[in-house]
Amino acid sequence: MAKSHETELPIKAFGWAATDTSGILSPFHFSIRENGEDDVTVKILFCGVCHSDLHSVKNDWGFTTYPLVPGHEIVGVVTKVGSNVKNFRAGDKVGVGVMVESCQTCENCQQDLENYCPKIVFTYNSPYKGTRTQGGYADSVVVHQRYVLQFPDNLPLDAGAPLLCAGITVYSPMIYYGMTEPGKHLGVAGLGGLGHVAIKFGKAFGLKVTVISTSPDKEREAIDKLGADAFLVSSDPEKVKAAAGTMDYIIDTISAVHPLLPLLGLLKLNGKLVTVGLPNKPLELPVFPLIGGRKLIGGSNFGGIKETQEMLDFCGKHNITADIELIRMDQINTAMERLSKADVKYRFVIDVANSFSSL
């Protein structure tokens, strides 16, 4: 019997990769599989630069395999679909987020929580079908249709790209932990890629939003541009004392090592502190304020595919996007250096297609 034209064979791709712990990225040619019968091939137009990308290229977490093409905030246009694909067609605007495969049989997968599957395959740096996945700092990607997302027509593709990680990473815990009741008080700790989107979700849910930051120079922008109701300088003991016990929820987006005790002090009785940042060292857990105030500390990963699509649709309805700095691919190393110093408002996004069009 003749082989199907949809047999998975490697095809050439081009991107930028890190090759060692310096984290410096440079042009890289590699292979991706041919489009199979359940696959969607996406020409990548834009890709957000996540803090996880920075950690990964430098092997901060200890499990990077080089060479590594990062990027999991991918937006592009469909160029090819397999014969079993019914919900996508060539020309569709789509997104690809943090994962590209899961087992689909475990309890988590059955509950649309593929992001917690023990056999999850991440968009980059995961073993997969005898090779390793490579991410969105590249010209194209082939993904099983189950992990491709419809992108709202009314959202700009460049400013919408960070929603695929930063957006879902704050949206998912807000939904799961019930941090959506109108009129309640939400604290957003850290004003970066995740934090600035959390403000926008909080306001869309009808919450009072206070930004908690060590940088007083961010106050005017947090309130006037991003829509926060208040700003708390966490390095000012008097202001922190005055705000004690005033917040119902805090979403902690800080990716550096930091104390949790001051944040817990801001919560009311039964308050919830949910952390979504990924410091590279453990945080100290103070137990007394948890017990004394019946408070909760929780964590959350990004969301499953169903929830991520719901998040994108919510963003389309409320016109929520990220505030971005658009860069070319050859500016990525400078951008990474700036990201390491929190010098970005508030997410770098690579103009992938235009960066490669002249090559």
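Keep in mind the model is a prediction, meaning the values are calculated, not measured.
- Using a 4.0 Å cut-off between a side-chain N of Lys or Arg and a carboxylate O of Asp or Glu, Asp229 and Lys203 qualify as a salt bridge.
- Residues satisfying the salt bridge (Lys or Arg N to Asp or Glu O under 4.0 Å) criterion with Asp217, sequence neighbours excluded, are absent altogether.
- When ring centroids are compared, Tyr177 and Tyr249 stay outside the 6.0 Å threshold.
- Put simply, the side chain of Lys218 gets close to the backbone of Leu191: a donor and an acceptor are under 3.5 Å apart.
- Between the side chain of Thr64 and the main chain of Ser56, a donor-acceptor pair closer than 3.5 Å is present.
- Remark: Ile297 CD1 to Ile250 CD1 distance equals 10.0 Å, nearest 0.5 Å.
- Checking side-chain atoms of Thr133 against main-chain N and O of Phe122 turns up a donor-acceptor pair under 3.5 Å.
- The closest side-chain heavy-atom distance from Leu155 to Asn319 is below 4.5 Å.
- Counting all heavy atoms, side chain and backbone alike, Ala353 lies closest to Lys43 at CB-CE, 4.4 Å.
- Annotation: side chain of Met174 is in contact with side chain of Leu207 (closest heavy-atom distance under 4.5 Å).
- Asn108 approaches Pro118 most closely through the heavy-atom pair ND2-CD, 4.5 Å.
- Separation of the Tyr66 and Phe28 ring centroids does not fall under the 6.0 Å cut-off.
- Between Glu101 and Lys129 there is no salt bridge, since no side-chain nitrogen of the basic residue lies less than 4.0 Å from a carboxylate oxygen of the acidic one.
- Using modelled atom types, no side-chain atom of Glu307 and backbone atom of Ile168 make a donor-acceptor pair closer than 3.5 Å.
- With a 6.0 Å radius and a threshold of 12 heavy atoms from other residues, nucleotides or ligands, Asn270 has its CG atom above the threshold.
- The side chain to side chain contact (heavy atoms under 4.5 Å, CB included) with Leu164 is formed by just one residue from the set Thr169, Val75, Val96; it is Val75.
- Between Val49 and Ile332, the shortest heavy-atom distance links the atoms CG2-CD1, 3.8 Å.
- No donor-acceptor pair closer than 3.5 Å links the side chain of Tyr346 to the backbone N or O of Leu194.
- Put simply, CD on Gln111 and NZ on Lys306 are 11.0 Å apart, with the number rounded to the nearest 0.5 Å.
- In this model, no donor atom of one side chain and acceptor atom of the other lie less than 3.5 Å apart for Glu337 and Asn333.
- Salt bridge annotation for Glu73-Arg347: present, with a cationic side-chain nitrogen under 4.0 angstrom from a carboxylate oxygen.
- Within the structure, salt bridge (Lys or Arg N to Asp or Glu O under 4.0 Å) pairs that include any residue of residues 259-282 comprise Asp248-Lys268 (at least two apart or interchain).
- Defined by atom type and a distance below 3.5 Å, a donor-acceptor pair is present between the side-chain atoms of Tyr147 and Ser102.
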